[in-house]
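Contents: one structure, followed by commentary.
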Amino acid sequence: MRMTSPIERFCDCLRGEIPRDVDWVEIIGVANEHLIAPMLYRRVLLAGSGAQVDEDAMCYLESIDAANRVRNQRIKSMLVELTAALNANAICPLVVKGARDLVQREDPGDVTRLMLDIDILVDEAELPLATKTLASCGFRAIEDSEYEHSPGSYWRAGDVATVDLHVRLPAAISDCLTSQDMEAHTQLIDCDGARMRIPDASMHMFIHVSHDMLHHHGLTSGSTELRYLAELAEQLGACQQEIDWRWIEEKKGADRSFGRALDLQALMLRHLFGTSSNLT
């Protein structure tokens with residue numbers, strides 16, 4: 001009988017297929033390491049497998065899920081406040097990654113991973129005014145947080161997440177994108193009176209795969225951040241029909257690294273989540 005890894009055992013639980021003699025300390029350890037304990041709690045409930053979970057473990061997961069619901073609402077409120085302030089200075093930011101999920105959901109508590117920050121992009125010419133706007137809202141730059149694609153991260157006392165300000169996506173992502181891609185695959189939305197642009201389903205998937213596999217070097221290091229893979233599995237299950245697969249295939253053909261990253265993600269999705277998709 002083949003031995004399974006902690007991640008494989010965790011993904012069994014995530015599918016509601018609780019292994020015999022499961023070690024809940026190990027399973028919760030994986031969930032916390034990858035910032036998706038709320039997802040585990042929701043999936044177990046959805047599968048009707050709660051009775052198979054250790055009572056203390058279930059109570060712990062329930063408390064994490066409840067706290068994350070409140071936390072996500074606070075993060076969304078912070079994002080809306082900041083975006084409205086940027087709008088007042090004629091800046092309409094692009095909101096990506098987890099922050100995009102928050103504004104797409106009617107209830108931000110439905111986002112089932114723990115977010116550390118929100119990522120927003122402004123034009124480079126808008127950067128001086130954007131940083132002044134952040135300062136006027138009480139945000140302060142975090143020392144030594146600058147990157148080639150970002151002037152830095154910002155924090156504000158009392159908030160539960162930081163703001164990562166960008167003037168472009170990381171090179172591992174942006175090198176494969178054209179201005180036409182950004183125009184065609186982002187959309188303007190209004191969120192509680194704040195105007196922002198967000199990636200469509202195709203761009204959202206492209207950014208997640210590239211961020212994990214290329215920007216964070218998952219493709220070459222052999223590691224992966226399960227939070228991105230689990231979210232990709234959710235996205236493919238919920239809105240696969242919304243993805244422009246022809247465009248994704250074009251990106252695969254244009255960038256061999258992205259093509260390999262997508263193929264590897266497809267194999268992991270099939271192995272860990274039993275997900276079949278148009279990825280390959």
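Because only heavy atoms are used, hydrogens play no part in the values below, and waters and symmetry mates are left out as well, while side chains stay in.
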Under 30°, 30 to 60°, or over 60°: which ring-plane class applies to Phe206 and Phe258, parallel, tilted or perpendicular?
tilted
Is the ring pair Tyr147/His149 parallel, tilted or perpendicular, if the boundaries are 30 and 60 degrees?
parallel
I'd like to know if [Y] and [X] are part of one continuous hydrophobic network [Ile/Leu/Val/Met/Phe/Trp/Tyr, side-chain heavy atoms within less than 4.5 Å].
X      : Y      : answer
Leu165 : Trp155 : no
Met203 : Tyr228 : no
Ile207 : Leu35  : no
Val160 : Ile36  : no
Leu232 : Leu40  : yes

Considering all heavy atoms, the nearest [X]-[Y] contact:
X      : Y      : result
Arg71  : Leu114 : NH1-C, 4.4 Å
Arg105 : Asp110 : NH1-O, 3.0 Å
Ala31  : Phe10  : CB-CE1, 3.5 Å
Leu214 : Leu219 : CD2-CD2, 3.9 Å
Pro170 : Glu148 : CA-OE2, 4.1 Å
Glu8   : Ser5   : OE1-N, 2.7 Å

With the side chain counted from C-beta on, respond yes when [X] and [Y] share a heavy-atom pair under 4.5 Å apart, and no when they do not.
X      : Y      : value
Val103 : Asp192 : no
Met39  : Val44  : no
Tyr154 : Asp164 : no
Met58  : Glu62  : no
Leu116 : Thr162 : no
Cys176 : Ser210 : no
Leu177 : Leu169 : yes
Leu94  : Val122 : no

I'd like to know if [X] pairs up with [Y] as an ion pair, taking the criterion as any Lys NZ or Arg NE/NH1/NH2 lying under 4.0 Å from an Asp or Glu carboxylate oxygen.
X      : Y      : result
Asp12  : Arg15  : yes
Asp119 : Arg100 : no
Asp212 : Arg227 : no
Lys251 : Asp181 : yes
Asp107 : Arg69  : yes

Pairwise distance [atom1]([X]) to [atom2]([Y]) - rounded to 0.5 angstrom:
X      : Y      : atom1 : atom2 : result
Asp200 : Asp244 : CG    : CG    : 7.5 Å
Arg195 : Ile91  : CZ    : CD1   : 11.0 Å
Leu272 : Leu226 : CG    : CG    : 7.0 Å
Leu229 : Met268 : CG    : CE    : 5.0 Å
Ser153 : Asp144 : OG    : CG    : 11.5 Å
Tyr41  : Leu61  : OH    : CG    : 8.5 Å

Hey, is the main chain of [Y] close enough, under 3.5 Å, to the side chain of [X] for a donor-acceptor pair?
X      : Y      : value
Asp54  : Val25  : no
Ser150 : Glu146 : no
His166 : Ile120 : no
Asp255 : Ser257 : yes
Asn72  : Pro108 : yes

As a quick check of understanding, evaluate side chain to side chain contact (heavy atoms under 4.5 Å, CB included) for Lys76 and Cys191, giving each step before the final call.
CA-CA 10 Å; Lys76 181 181 178 181; Cys191 180; 3.5 Å; yes
Mind running side chain to side chain contact (heavy atoms under 4.5 Å, CB included) on Val95 and Leu79 for me, showing each step along the way?
CA-CA 9 Å; Val95 174; Leu79 173 60; 4.0 Å; yes
Indicate whether any N or O donor in one side chain lies under 3.5 Å from an N or O acceptor in the other, for [X] and [Y].
X      : Y      : value
Tyr60  : Asn32  : yes
Lys97  : His211 : yes
Thr112 : Arg42  : no
Gln104 : His204 : no

Test side chain to side chain contact (heavy atoms under 4.5 Å, CB included) on Leu86 and Leu134; report intermediate values, then the result.
CA-CA 8 Å; Leu86 290 168; Leu134 280 161; 5.8 Å; no
Quick one: list whatever passes side chain to side chain contact (heavy atoms under 4.5 Å, CB included) with [X], sequence neighbours left out.
X      : answer
Ala194 : Val80, Thr83, Ala84, Asn87, Met196
Arg156 : Met78, Glu81, Cys137, Phe139, Asp159
Glu250 : Arg246, Trp247

Check against salt bridge (charged side-chain N to carboxylate O under 4.0 Å, His left out), Glu234 and Arg43
CA-CA 11 Å; Glu234 280 195 338; Arg43 293 288 190 85; 3.5 Å; yes
For Glu55, I'd like to know if atom CD has over 12 heavy atoms of other residues, nucleotides or ligands within 6.0 Å.
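Atom CD in Glu55 is not crowded, with 12 or fewer foreign heavy atoms closer than 6.0 Å.
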Step-by-step side chain to side chain donor-acceptor pair (under 3.5 Å) determination, Arg197 to Thr186:
CA-CA 6 Å; Arg197 297 193 70 82; Thr186 62; 3.2 Å; yes
Go through the steps to decide whether Gln235 and Glu231 satisfy the test side chain to side chain contact (heavy atoms under 4.5 Å, CB included), and finish with yes or no.
CA-CA 6 Å; Gln235 183 185 12; Glu231 284 193 346; over 6 Å; no
